[in-house]
Amino acid sequence: MIRNKSNLEIFDSFIEKYGNNNYCQDKDIVLISFEQPPYCGVNKNDSPYEACFNRIACSMDICAALGFSKEEMYALIAHEIGHIHYETRSMDCEILDKEIKADSMAKQFGLGDELASALQKMIDSGKYEDVKEDMQQRIVHLSQSRL
């Protein structure tokens, strides 16, 4: 079950479009906003979205600054659902591998191209230099898997 605790329109529209997906039904997922504390265990940083345990937090301010489309935001939500579904926090592997595993959820939602586009916008912003190479590798991985 997926619940919108912040009453953000993007979460409502995501739930309307994808809420019946099995991956949205098998765990209790709570959608919250960074701009409306408390965000309960999710660390506010420079990420547009972040998952922690069963919570996905969104920063509409960062999403707006990066110019994400609705579909790109859907892809980022699906990616965060991937972190929750695959329990990547407990995976014993490199961070890039965890991100690629979570990316696979966006692909399963049919949002792989939109996720690649969102990652490119993050790279182009110049604000994510510390993870730029990982984002580039993720984009390559997303593009290779659709061939």
Could you check whether any side-chain heavy atom of Leu111 comes within less than 4.5 Å of a side-chain heavy atom of Ile77, counting everything from C-beta outward? no
Got Ile10 and Phe68 here, is their nearest side-chain heavy-atom distance under 4.5 Å? no
Lys132: partners by side chain to side chain contact (heavy atoms under 4.5 Å, CB included), with sequence neighbours left out: Ile123, Glu129, Gln136
Contacts of type side chain to side chain contact (heavy atoms under 4.5 Å, CB included), residue Ser125, not counting sequence neighbours: Leu66, Lys127, Tyr128
Show, in sequence, the C-alpha distance, side-chain angles and deciding distance for Leu31 and Leu8, and conclude whether the side chain to side chain contact (heavy atoms under 4.5 Å, CB included) test is met. CA-CA 9 Å; Leu31 304 172; Leu8 290 177; over 6 Å; no
Using side-chain hydrogen bond (donor to acceptor under 3.5 Å, both in side chains) as the criterion, list what pairs up with Gln137, not counting sequence neighbours. none
Ring centres under 6.0 Å, that's the criterion: do Tyr74 and Phe109 meet it? no
Measuring from atom CD1 of Ile62 to atom CE of Met122, what distance do you get when rounded to the nearest 0.5 angstrom? 8.5 Å
Ser47 side chain to Glu50 main-chain N or O, any donor-acceptor pair under 3.5 Å? no
Report yes or no: does Ser69 contribute a side-chain atom to a donor-acceptor pair with the main-chain N or O of Glu72 at less than 3.5 Å? yes
For the residue pair Thr88 and Gly82, what are the closest heavy atoms and their distance? CG2-O, 4.4 Å
Besides Ile100, the hydrophobic cluster formed by Ile, Leu, Val, Met, Phe, Trp and Tyr side chains linked at under 4.5 Å, directly or via other members, contains Leu96
Please step through side chain to side chain contact (heavy atoms under 4.5 Å, CB included) for the pair Ile56 and Val30, ending with a clear verdict. CA-CA 6 Å; Ile56 298 172; Val30 178; over 6 Å; no
Decide yes or no on side chain to side chain contact (heavy atoms under 4.5 Å, CB included) for Tyr49 and Ser59, but give the supporting numbers first. CA-CA 6 Å; Tyr49 286 87; Ser59 171; over 6 Å; no
Anything under 30° is parallel, anything over 60° is perpendicular, the rest tilted; go ahead and classify His83 against His79. perpendicular
Pairing of Glu9 and Lys70 as salt bridge, 4.0 angstrom limit: yes
Does Phe11 form a side chain to side chain contact (heavy atoms under 4.5 Å, CB included) with Ile2? I'd like the steps, not just the answer. CA-CA 9 Å; Phe11 289 153; Ile2 190 165; over 6 Å; no
Which salt bridge (Lys or Arg N to Asp or Glu O under 4.0 Å) pairs, counting each pair once, include a residue from residues 97-106, with sequence neighbours left out? Glu99-Arg138, Asp103-Arg138
As an exercise, state the distance from OG of Ser117 to CD of Gln120, rounded to the nearest 0.5 Å. 8.0 Å
Check side-chain hydrogen bond (donor to acceptor under 3.5 Å, both in side chains) between Asp12 and all other residues, then give those that pass, not counting sequence neighbours. Asn4
Can you tell me how far apart CG (Leu115) and CE (Met135) are? Round to the nearest 0.5 Å. 9.5 Å
Do Ser33 and Cys58 come close enough that some side-chain heavy atom pair is under 4.5 Å? no
Closest non-hydrogen atom pair, Cys63 against Met73: CB-SD, 3.6 Å
Where the side chain of Glu80 meets the backbone of Ala51, is there a donor-acceptor pair that is under 3.5 Å apart? yes
